[in-house]
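Everything below concerns the one structure shown next.
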Amino acid sequence: MLNLIRMNLFRMVHTRGLIVVFVLLMGFSVLNGSMSAYYSEEMAKEIEEQKTGAQQENPGLVIEENGEQIESVGITINTPIEEDGSLSDYIFIYCEELSSGILLLFILIGAVLFFRGDEKCGFLKNIAGQTKHRYNIFFSKLITVGIYTFVCMVCYMFVEYIVFNTLIETDINFGVKHIPEALKVFALEYLIHMALISGLLLITELTKSTAAAVTIGILSVMGICSMLFSAIVQKIFHINFNVAKYYLTTSMSNVNIGMDGDIIKLALGVGITFFIIYNIANVYWFSHKDIV
């Protein structure tokens with residue numbers, strides 16, 4: 001197993017598609033951090049002007065009531081600004097971005113490309129007959145994807161934090177005192193991300209298509225798949241039961257700093273349940289499929 005993991009890690013760092021996706025994610029982190037830093041300063045100035053009674057019109061700027069989001073050219077940007085114009089801790093905005101699913105969009109593309117890459121390059125065919133249990137190959141790939149997901153989540157956080165402190169005149173606090181609660185958010189989001197990715201890996205295996213898995217993944221993160229599924233269930237069974245409450249994407253969006261115990265229990269239960277179900281199906285399919 002360790003040798004398989006080592007070989008997959010080697011293949012991961014030499015997969016061009018995966019490297020490109022990782023670079024794009026880091027580039028998005030820089031872009032998002034730059035835009036957030038710029039609008040944070042603009043919002044801080046505007047709030048200060050409102051305090052002094054010198055309000056100025058800015059028709060191109062839409063400010064939400066909570067003073068933490070700006071919408072410009074169809075892009076929603078999280079900004080670490082409190083209502084009094086002061087900067088909040090960075091850990092809050094990072095947790096919000098985890099719950100938004102924006103990181104998952106990049107991670108799932110890289111994970112699917114990596115998972116199918118060994119079949120296209122002949123790597124899987126060469127080692128399939130050399131392992132005692134074929135499901136070890138799947139688990140080694142899943143563990144490698146888990147490492148990739150963890151690295152992406154951590155690197156995104158540090159890159160964006162550096163961008164904030166570079167572009168904002170007043171350094172933004174990381175929020176060390178909130179780390180215990182942020183770790184709970186990170187752990188739950190990591191579990192939910194891995195459960196969603198496991199489901200997409202199953203789709204990849206069943207359809208033998210990276211495009212199908214990526215498309216379904218994007219639609220799921222956007223909430224389109226869950227909305228259609230809820231409509232179909234209610235239409236067929238004529239029930240008012242809130243199925244969306246138990247979606248992975250719903251739990252992902254609900255997990256954040258300040259969440260209550262019920263949200264934690266529900267997210268944990270949903271994440272573990274789907275992770276186990278998807279990977280049992282993955283192991284069964286991978287163990288019985290023909291490798292050509």
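Values below: all heavy atoms of this structure, side chains included; hydrogens, waters and symmetry mates excluded. Treat the numbers as computed from the prediction; the structure is a model and nothing was measured.
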Just verifying a value: how many Å separate [X] [atom1] and [Y] [atom2], rounded to the nearest 0.5 Å?
{"X": "Leu98", "Y": "Leu188", "atom1": "CG", "atom2": "CG", "result": "11.0 Å"}
{"X": "Leu201", "Y": "Lys141", "atom1": "CG", "atom2": "NZ", "result": "8.5 Å"}
{"X": "His193", "Y": "Ser198", "atom1": "NE2", "atom2": "OG", "result": "12.5 Å"}
{"X": "Ile107", "Y": "Cys152", "atom1": "CD1", "atom2": "SG", "result": "5.0 Å"}

Any side-chain heavy-atom pair of [X] and [Y] under 4.5 Å:
{"X": "Leu196", "Y": "Leu108", "result": "no"}
{"X": "Val145", "Y": "Met12", "result": "no"}
{"X": "Thr149", "Y": "Met194", "result": "yes"}
{"X": "Leu104", "Y": "Ile197", "result": "yes"}
{"X": "Tyr284", "Y": "Phe138", "result": "no"}
{"X": "Asn282", "Y": "Asn279", "result": "yes"}
{"X": "Met157", "Y": "Tyr161", "result": "no"}

Centroid-to-centroid, Phe114 to Tyr148, below 6.0 Å?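 Ring centres of Tyr148 and Phe114 not closer than 6.0 Å.
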Verify whether the ring centers belonging to Tyr94 and Phe158 lie closer than 6.0 Å.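 Between Tyr94 and Phe158, the centre distance exceeds or equals 6.0 Å.
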Fit a plane to each ring of Phe274 and Tyr278, take the angle between them on a 0 to 90° scale, and name the class: parallel (under 30°), tilted (30 to 60°) or perpendicular (over 60°).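 Because their plane-to-plane angle lies in the 30° to 60° range, the rings of Phe274 and Tyr278 count as tilted.
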Would you call the rings of Phe92 and His178 parallel, tilted or perpendicular, taking 30° and 60° as the class edges?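 Aromatic pair Phe92/His178 classed perpendicular.
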When you measure from the side chain of [X] to the backbone of [Y], do you find a donor-acceptor pair of N or O atoms at a distance under 3.5 Å?
{"X": "Thr15", "Y": "Leu18", "value": "no"}
{"X": "Thr144", "Y": "Ser140", "value": "yes"}
{"X": "Glu97", "Y": "Ile102", "value": "no"}
{"X": "Thr210", "Y": "Val112", "value": "no"}
{"X": "Thr204", "Y": "Leu200", "value": "yes"}
{"X": "Ser99", "Y": "Glu96", "value": "yes"}
{"X": "Asp260", "Y": "Ile263", "value": "yes"}

Between Asn32 and Glu160, does any side-chain donor sit less than 3.5 Å from a side-chain acceptor?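 Present: a donor and an acceptor within the cut-off.
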Of the non-hydrogen atoms in Thr249 and Ser220, which two are nearest, and what is the gap between them?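 Thr249 and Ser220 have their closest heavy atoms at CG2-O, 3.2 Å.
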Given the rule that I, L, V, M, F, W and Y join up when any side-chain heavy atoms are under 4.5 Å apart, are Leu24 and Phe22 in one cluster?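 Yes, one cluster joins them.
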